[in-house]
Amino acid sequence: MKHKFYGGVHPAEHKDATEHKPIAPLANAPAQVVIPMNMHIGAPCKPIVAKGDQVKIGQLIGETTGLGAPIHASVSGKVVAVEPRPAATGFPVMSVVIENDFQNEVSPDCKKRDNVDALTPQEIVDIIRDAGITGMGGAGFPTHVKIGSAIGKADTIIVNGAECEPYITSDHRLMLEHGEKIIQGVRFIMKALSLNNAFIGVEDNKMDAVTHLKGLVGEKNDITVEALHTCYPQGAEKQLIQRITGREVPPGKLPADVGCCVFNVATVSAVYDAVVSGMPLVQRIVTVTGGAIKNPVNLLAPLGTSFEHLVEEAGGFSEPANRVISGGPMMGVAQYDLSVTLGKATNCVLCLSKKEMPATSERHVCIRCARCVNVCPMHLLPLYMNMYSKKSEWREAETLRLMDCMECGCCQYICPGRIPLVQQFRTAKFEVRQLAAKK
Ligand code: SF4
Ligand code: SF4
């Protein structure tokens with residue numbers, strides 16, 4: 001049964017440039033990859049290789065130091081630096097730089113498994129942990145930790161194929177071209193959680209994917225593929241849970257607290273690769289698109305490939321990009337340096353043209369129209385959160401549940417004053433965390 005969630009918006013989709021384009025391998029492999037040690041939520045990994053080391057694809061190069069997921073080499077070659085490099089998060093991050101030898105040598109640790117049906121639930125979780133799998137839809141939460149904390153608590157698995165952000169089509173193509181990996185990957189997760197069924201939620205602007213996945217589930221009927229009426233931010237965890245199960249995750253609580261566990265389709269596909277082929281998470285599909293891109297594409301690229309290289313693979317710029325974003329236009333992060341690289345959660349490199357992203361000279365005045373309140377899916381009061389944040393009254397903003405803001409951008413999208421609300425909330429959340437740390 002499908003339910004409603006509060007708020008949301010309907011931005012123009014802009015998916016037509018890439019939704020029918022098959023996933024393409026890179027025409028030219030990158031000569032160098034820069035692999036940041038923090039492609040996940042939690043503590044950065046500790047590099048375990050040094051300058052001069054030879055590495056192979058799938059070889060462990062970063063160990064966890066707490067909450068996190070290990071990191072592996074995405075190309076074979078020589079480590080030429082272990083040092084902080086610019087990252088898409090906006091801060092320099094300790095990174096392992098590998099010069100590609102173009103030999104594509106695979107680590108002997110990556111072994112194909114024949115009898116996957118004999119694996120125990122714990123063995124599946126261990127494989128997912130060792131393969132460094134994290135949420136690939138944006139958040140980057142370590143998947144083995146999510147599964148571990150949901151064992152015995154979750155009664156419902158939800159797989160997120162909503163891909164509700166405009167422009168992005170990487171998950172859509174994955175569902176169409178590798179749907180069998182998703183279905184089998186979901187079954188591995190069902191086994192890990194000792195559950196017998198799961199849902200896959202897909203927005204109804206991708207009915208071809210819905211039909212395809214339903215066909216792959218077949219008569220086994222253990223996985224329900226739901227077509228969901230398109231509405232942003234349906235792909236957000238809490239909204240998807242509410243849409244599919246009717247359960248509302250209370251503020252400050254987690255999906256497991258309402259018996260749910262949510263995984264992105266790309267994450268599930270990576271689980272399949274790890275279990276069956278023994279290959280850790282070393283590559284991903286990324287949509288390179290936007291009005292400033294000559295030939296928008298969906299690419300399969302090694303982690304650590306620079307945005308600059310990805311743009312070249314898409315034919316380069318047709319005009320100077322007015323803004324480059326890692327992710328979609330609603331939740332993505334603006335980039336100022338194209339040497340930043342593809343991470344585990346980078347689903348899109350969006351290069352907006354002048355027409356798509358006109359410069360504004362408005363004064364960003366709030367006229368108290370309350371439209372932001374009407375669309376906030378978290379039931380927040382963005383106008384007041386903004387008012388207190390602008391005055392640096394962080395405590396007051398926090399009292400208004402600022403920390404529950406998931407930065408979905410609905411308020412900013414609808415705001416007639418074009419107030420950069422999300423940026424304001426990111427700054428305010430940073431300040432609140434600083435105050436908490438000082439305490
Ligand atoms: S939508 Fe914009 S202008 Fe309207 S109340 Fe919210 S912040 Fe103010
Ligand atoms: S960005 Fe935050 S405040 Fe704005 S609509 Fe989304 S959750 Fe609400």
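When a ligand or atom number is given, it counts from 1 through the structure's own listing order. Please read these numbers as outputs of a predicted model, since none were measured by experiment.
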S.K.: Protein N/O/S atoms under 2.8 Å of atom 8 (Fe) of ligand 2?
M.R.: Cys376 SG

S.K.: How about His379 and Tyr6: are their ring centroids closer than 6.0 Å?
M.R.: yes

S.K.: I need the nearest protein heavy-atom contact for atom 2 (Fe) of ligand 1: residue, atom name and distance, please.
M.R.: Cys415 SG, 2.4 Å

S.K.: Which of the numbered atoms in ligand 2 are below 4.0 angstrom from a heavy atom of Phe425?
M.R.: 3 (S)

S.K.: If the threshold is 4.0 Å, N to carboxylate O, is there a salt bridge linking Glu19 and Lys21?
M.R.: no

S.K.: Count the heavy atoms of every other residue, nucleotide or ligand shown that sit under 6.0 Å from CZ of Arg323, and state whether that count exceeds 12.
M.R.: no

S.K.: In this structure, are over 12 heavy atoms from other groups packed under 6.0 Å from Phe430 atom CZ?
M.R.: no

S.K.: For Phe188, is the CZ atom crowded, meaning more than 12 foreign heavy atoms sit under 6.0 Å from it?
M.R.: yes

S.K.: For the NZ atom on Lys429, are there more than 12 heavy atoms of other groups (residues, nucleotides or ligands in this structure) within a distance under 6.0 Å?
M.R.: yes

S.K.: For Lys146, give me all partners under salt bridge (charged side-chain N to carboxylate O under 4.0 Å, His left out), at least two apart in sequence or on another chain.
M.R.: Glu237

S.K.: Which atoms of ligand 2 sit under 4.0 Å from any heavy atom of Gly409?
M.R.: 1 (S), 6 (Fe)

S.K.: Which heavy atom of the protein is the closest neighbour of atom 4 (Fe) of ligand 1, given with residue, atom name and distance?
M.R.: Cys369 SG, 2.3 Å

S.K.: Touching ligand 1 at all, Ile367? Heavy atoms, strictly under 4.0 Å?
M.R.: yes

S.K.: Is Glu407 salt-bridged to Arg426, going by a charged N under 4.0 Å from an acidic O?
M.R.: yes

S.K.: How does Gln412 reach ligand 2, if at all, at less than 4.0 Å between non-hydrogen atoms: by side chain, backbone, both, or neither?
M.R.: neither

S.K.: Do Lys153 and Asp257 sit within salt-bridge range, that is, some charged N less than 4.0 Å from a carboxylate O?
M.R.: yes

S.K.: For the side chain to side chain donor-acceptor pair (under 3.5 Å) test, which of Asn298, Asn347, Thr346 pairs with Thr287?
M.R.: Asn298

S.K.: Check each atom of ligand 1 against the heavy atoms of Ala370 and keep those under 4.0 Å away; list them by number with element.
M.R.: 4 (Fe), 5 (S)

S.K.: Strictly under 2.8 Å, is atom 4 (Fe) of ligand 1 approached by any N, O or S atom of Cys366?
M.R.: no

S.K.: For ligand 1, which atoms, with element, lie under 4.0 Å from some heavy atom of Arg368?
M.R.: 5 (S), 8 (Fe)

